[in-house]
Each structure stands twice: as structure tokens, then as C-alpha cells.
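All values below come from the heavy atoms of this structure, side chains included, with hydrogens, waters and symmetry mates left out. Just so it is clear, the model here is predicted, and its values are computed rather than measured. Just so it is clear: chains get the letters A, B, ... in the order the sequence lines come, proteins before strands, and each one is counted from 1.
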2 protein chains.
Amino acid sequence: MVRSELANSGAAPKIPRPATLRESVFEAILELIINGSLSPGRHLAESDLAELLGVSRQPVREALQMLNGEGWVDLRPGHGAFVHAPTVQEADQLLAVRSLLETESARLAALNREADGVARLRELCARGLSALEADDIETSVAANSDLHALVTELSGNKVLAELASQVSRRVRWYHTPVARQRGRASWEEHELLIDAIEAGDETRAAQIMRDHTEHTRSSYLDQRTSQPDGADEPEAPATRRRRPRSLSPS
Amino acid sequence: MVRSELANSGAAPKIPRPATLRESVFEAILELIINGSLSPGRHLAESDLAELLGVSRQPVREALQMLNGEGWVDLRPGHGAFVHAPTVQEADQLLAVRSLLETESARLAALNREADGVARLRELCARGLSALEADDIETSVAANSDLHALVTELSGNKVLAELASQVSRRVRWYHTPVARQRGRASWEEHELLIDAIEAGDETRAAQIMRDHTEHTRSSYLDQRTSQPDGADEPEAPATRRRRPRSLSPS
DNA sequence: GAACTGTATACTGTAGGCAGTCGACGACAG
DNA sequence: CTGTCGTCGACTGCCTACAGTATACAGTTC
């Protein structure tokens with residue numbers, strides 16, 4: 001009796017299942033990659049990471065495989081895992097594909113013209129703008145991301161949204177600095193986009209999104225070619241690095 | 001002296017590394033899924049697959065994770081792995097995204113206009129046509145696949161090609177029957193496409209590819225809606241199925 | 001000094017084991 | 001008969017161990 005009442009009441013949320021270790025390790029390693037602690041090309045020894053994170057090799061191995069699936073890490077059989085080292089060309093291609101996917105998403109979102117979704121877009125836009133004016137760059141960048149993700153969601157094509165999410169995640173560290181620079185211009189474009197979506201003008205929505213994302217792409221390229229720092233030079237294939245023999249376990 | 005000369009000669013190919021077990025297991029399970037031996041929604045117990053394939057659970061576990069990354073398998077922590085059960089809607093979305101990616105690939109291929117690539121396309125087209133005339137459906141279907149893959153390669157955008165490959169892999173079991181039905185019409189469209197690519201006519205190449213892949217999509221939908229077999233009804237979430245107690249180990 | 005060989009061991013891929021969770025099924029009460 | 005509870009064991013997540021491979025380094029030869 002008591003149990004059936006609880007099940008029906010909807011008042012008691014289910015106890016959330018604790019995150020598996022592999023998920024936690026995934027997030028931990030990803031954070032290390034994104035914040036630069038683990039630099040591109042670096043060899044990732046399972047046992048080192050396991051020791052660092054206080055787990056066994058197994059969840060590390062699984063996390064590395066997940067990271068590989070999302071393009072953050074390259075797995076080479078027999079050699080192990082290496083932080084993915086993107087080239088300028090690859091970044092360019094990723095940004096081009098992102099543009100393609102988000103342009104189509106915007107077009108479909110305008111076709112679908114979902115009133116609730118448009119309201120949510122406007123809310124995100126307002127949040128981004130006020131964060132910008134408060135000089136809160138971090139919130140502004142996050143709102144930017146969320147807005148783009150919502151557009152792909154409003155496309156109504158889940159496969160498209162998933163691919164866009166996958167690509168978006170990988171370009172994160174390319175387009176964030178650009179978004180910072182563009183500031184207000186970026187948000188004005190978002191507003192125009194939302195207008196077009198609301199109006200159901202698929203051609204216009206697509207055109208705005210194409211221009212918007214294409215601008216990010218060319219700005220990134222400008223940035224990279226004006227600051228040649230050799231970080232993207234073709235390097236010799238990284239190998240797994242055995243810890244030097246004389247290194248004492250510290 | 002001897003060693004440095006051997007490294008430079010390029011005459012001796014390197015011994016290819018044997019595939020890891022996880023890769024072999026991945027392919028084996030994928031084949032079982034594609035040929036229907038492992039039906040959508042089915043629970044995949046690591047230990048059963050390990051016994052079936054004669055390996056330990058570990059490479060099975062890793063293969064399942066790879067399969068999850070490509071959308072063939074759903075992993076639920078605590079419950080295990082289940083063959084992904086696509087809905088008609090999802091198939092539709094996949095085919096739509098495939099159309100988007102391949103249309104853009106064709107456009108870029110026409111922009112790039114690579115003579116060697118065009119020659120390879122024509123060769124594949126000839127192979128497909130002659131296989132069709134010899135009633136060799138299998139070779140015809142394979143050539144069809146290869147031709148599409150080559151177009152994405154000729155786009156020059158590796159990220160795009162990879163995503164297209166990922167999507168193409170997943171739609172394989174949707175569009176193959178359609179390709180069978182369309183036969184000659186399909187190959188005529190391929191010829192027109194190649195002409196457009198060779199001529200560097202990006203607009204025309206894109207249009208032909210869009211129509212071609214869109215045709216596959218609508219043919220698939222026609223087929224599914226004309227044969228409602230309930231296979232795509234929303235089902236209760238599959239759970240991990242403990243082997244019944246009375247089942248004797250056979 | 002450069003090139004090569006041999007050795008030691010760090011590291012990867014895989015196998016096997018353990019503890020906790022989940023689901024089938026039997027027992028029992030109403 | 002239906003519903004509930006408890007038991008059992010299949011199964012998952014993670015740990016540990018082993019075998020083979022890759023790399024660092026020392027020693028030797030030219």
C-alpha cells in the first residue's frame with residue numbers, strides 16, 4: 001500500500017545511480033586535456049592515470065576509449081593513448097562541418113517553428129547579452145553554446161543534433177576565443193536568427209546561421225595564420241614514452 | 001649503414017600489426033547485428049558473447065563500447081548492453097543526415113575536381129553497371145557503397161568523410177534493399193553525378209546527389225509505411241535478462 | 001662518434017576473480 | 001488466484017595478474 005502510493009505520487013524521485021568510475025575518469029581526463037595539463041600529442045599511460053586518479057587501470061582504459069570516440073584521444077594498438085593533436089586544417093574542417101550541420105539545423109528549426117523553443121532561445125539570448133554587459137565572459141560563452149545546442153535540438157532531427165553535439169564538443173577550444181572577441185556582434189546575429197526562426201523563414205535562418213558560423217571559421221583561421229607559433233607543425237608520430245629508468249618513484 | 005639504407009628504400013613493406021581482439025570482436029558482433037542474428041532490443045551479456053567468440057570478457061566489453069560509440073548498441077550502467085532498436089523516425093533522420101553530408105561532399109568534390117578521383121569514380125560505376133547486368137546484386141551493392149564513400153573522400157574534408165562514413169554505416173541496413181530495387185536508375189544517376197563532378201559544376205553535383213539520396217529516403221519510407229509489421233512499435237525498455245533458472249547449459 | 005646488439009623493465013592487451021546489483025522464481029499469506 | 005517477500009545466481013563494474021611488445025640504456029664494434 002505504502003509502496004504503491006509512493007510509486008504513484010511522483011513525489012519521491014528515484015535514487016540516482018552513482019556515476020560509474022569510467023564516467024568520472026572520462027570527465028577528469030577531459031578536464032585535464034581542456035585545461036592544457038595534458039598537452040596535445042602527449043602519451044597517456046593507463047597506469048599513470050590510474051595512479052593519479054586512485055582507481056585501477058580498467059576504468060581508465062574504458063574512459064580513454066570513450067575519449068577516443070569523441071576525438072579527444074587517439075588510441076594506437078600496442079602504443080597506447082595520446083592526446084589528440086589537432087592541425088589547423090582539421091580545425092578548419094571541423095568548423096566547416098559544424099557550419100553545415102548548424103545551418104541545416106537552423107533551417108529545420110525555422111520549418112518546425114516551435115513557439116516554446118523560440119521562447120527558450122530568446123531567454124538564452126537575453127542571458128548572454130546581460131552577461132556580456134556585466135563582463136561575465138564565462139556565462140556569455142556558456143549561453144552561446146547552449147543557444148547553438150538548442151537550435152540543433154529544435155531541428156527535430158535527433159541524429160543531426162547528436163552529430164552537431166559531437167562536432168561542437170570538439171571545436172569548443174577553437175571557437176571560444178573567437179566568440180570572446182566578437183562579443184556583441186555575435187549576439188546581434190543570434191537575435192536575427194531567432195527572428196527568422198520565429199517567422200518560419202527557413203532560407204533566411206539558414207543564411208544567417210551559415211554566415212554566423214562561417215565567420216567563426218574565418219576568424220579562427222585569421223587568428224591562426226597571424227600567429228604562427230609552430231604548435232601545428234607536422235610532428236613526428238608520437239610514441240609511447242617509457243618512464244626513464246633513472247626516475248625514482250616520487 | 002645497413003639500417004639507414006633499409007629505412008630509406010621503401011621497398012620492404014612493414015609487417016602489419018595483427019588486429020586486436022577487441023577489433024575482431026567488434027566486427028563479429030557488428031556482423032551478427034547486421035545480419036539479424038542479434039535482433040534490435042536484445043540484451044547482450046558480455047559473458048555469453050565471450051563464450052560464443054572464444055575470448056575473455058575484456059575485449060567483448062571494449063568492443064561493446066565501440067559499438068555503443070557508433071550507435072549500434074546502447075549501454076546502460078548496471079543493466080548492460082542492448083542492441084540498438086531504431087525506429088522508423090530514426091531511420092528517416094539518419095537518411096536525411098546522410099543526404100545532407102553526401103550532398104555537401106558531392107559539392108566539394110566538384111569544387112576540387114580531382115582527375116584521378118573522377119577516373120576512380122568512373123571505374124566503380126562501370127563495375128556496378130556490369131555487375132547489375134550480370135545479375136550480381138552483391139557486387140553491385142558493394143560498388144554502390146564504394147562509390148558513395150569515394151565521393152565523400154573526394155570532398156577533401158576528412159572530418160566530413162568520417163561523419164559520412166559513420167552515418168553510412170548505420171543506414172546500411174535501410175538503404176540496401178532500396179538500392180536493389182532501383183537498379184539501373186541508380187547507376188544512371190551516378191553517371192550524371194560523375195559528369196557534374198568532372199565538369200566542376202558544384203551546384204549540379206549537389207542537386208543530383210540530393211535528389212539521389214532523397215529518393216532513397218522516400219523509397220525507404222514508402223516501404224516501411226506500406227508494410228506495417230509492428231516491428232517499430234514503441235516497446236517497454238528492455239532489461240537485462242537473467243538466463244532462466246531451468247535453462248540447462250547446452 | 002655512429003651504429004648495432006643485448007638486457008631490463010615499463011607498458012599494453014587480455015584473462016580470470018571478486019563484490020555488489022538485478023531479475024527470475026519459489027514460498028507463503030490473504 | 002493474486003500480491004508480496006526472500007532467495008539464488010546471472011550479470012556488471014572493477015580489480016589483479018600474466019604474457020608479449022615497445023622503449024631506454026649500457027656495452028661493444030667499427
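Side-chain contact check for L44(B) versus V60(B): every heavy-atom pair is 4.5 Å or farther apart. In this structure the side chain of R170(A) reaches within 4.5 angstrom of the side chain of E90(A), judged on heavy atoms.
The CD-P distance, from E62(B) to dC14(D), rounds to 14 Å in whole Å. Atom CG of N68(A) is separated from atom P of dG13(C) by 11 Å (rounded to the nearest Å). The distance from atom CG of L21(B) to atom P of dT12(C) is 17 Å, rounded to the nearest whole Å. As rounded to whole Å, 12 Å separates atom C1' of dT12(C) from atom CD of Q58(B). Rounded to an integer number of Å, the gap from D48(A) CG to dA10(C) P is 11 Å. Rounded to an integer number of Å, the gap from CG of L75(A) to C1' of dA22(D) is 17 Å. Here dC11(C) presents its C1' atom at 17 Å from CG of L52(A), a figure rounded to the nearest Å. One can place CG of L49(A) at 17 Å from C1' of dC15(D), the figure rounded to the nearest angstrom.
There is no side-chain donor-acceptor pair under 3.5 Å between E162(A) and Q166(A). Side-chain contact, S155(B) with N157(B): no donor N or O sits under 3.5 Å from an acceptor N or O.
Close to dT23(D), at under 4.0 Å from its OP1 or OP2, lies a side-chain N or O of H79(A). Phosphate contact (OP1/OP2 of dT12(C), side-chain N/O of H43(A), threshold under 4.0 Å): present. The phosphate of dG13(C) has OP1 or OP2 within less than 4.0 Å of a side-chain N or O from R22(B). S56(B) has a side-chain polar atom (N or O) that falls below the 4.0 Å cut-off from OP1 or OP2 of dA15(C). Within the 4.0 Å cut-off from OP1 or OP2 of dG13(D), at least one side-chain nitrogen or oxygen of R61(B) is found.
At the heavy-atom level, E46(B) lies under 4.0 Å from the strands shown only through sugar-phosphate atoms. Note on L64(A): nothing from the nucleic acid sits closer than 4.0 angstrom, heavy atoms only.
Checking A45(B) against R57(A), the closest nucleotide of DNA chain D that is more toward the 5' end is the one next to A45(B). DNA chain D is contacted by both G54(A) and G80(B); G80(B) maps to the nucleotide lying nearer its 5′ end (nearest heavy atom per residue).
Looking at the side chain of S47(B), the nearest of the listed nucleotides dT14(C), dC11(D), dC15(D) is dC11(D).
Shown here are the side-chain contact (heavy atoms from CB on, under 4.5 Å) partners of T213(B), two or more places apart in sequence or in another chain: R98(B), S99(B), E102(B), T103(B), H148(B), M209(B). Residues satisfying the salt bridge (charged side-chain N to carboxylate O under 4.0 Å, His left out) test with E31(A), not counting sequence neighbours, are none.
Within 6.0 Å of CD on E27(B) lie more than 12 heavy atoms contributed by other residues, nucleotides or ligands.
Both key distances under 3.5 Å define a Watson-Crick or G-U pair, and stretches of 3 or more such consecutive pairs in DNA chain C run C:1-30 with D:1-30.
The salt bridge (Lys or Arg N to Asp or Glu O under 4.0 Å) with R57(B) is formed by just one residue from the set E46(B), E51(B), E62(B); it is E46(B).
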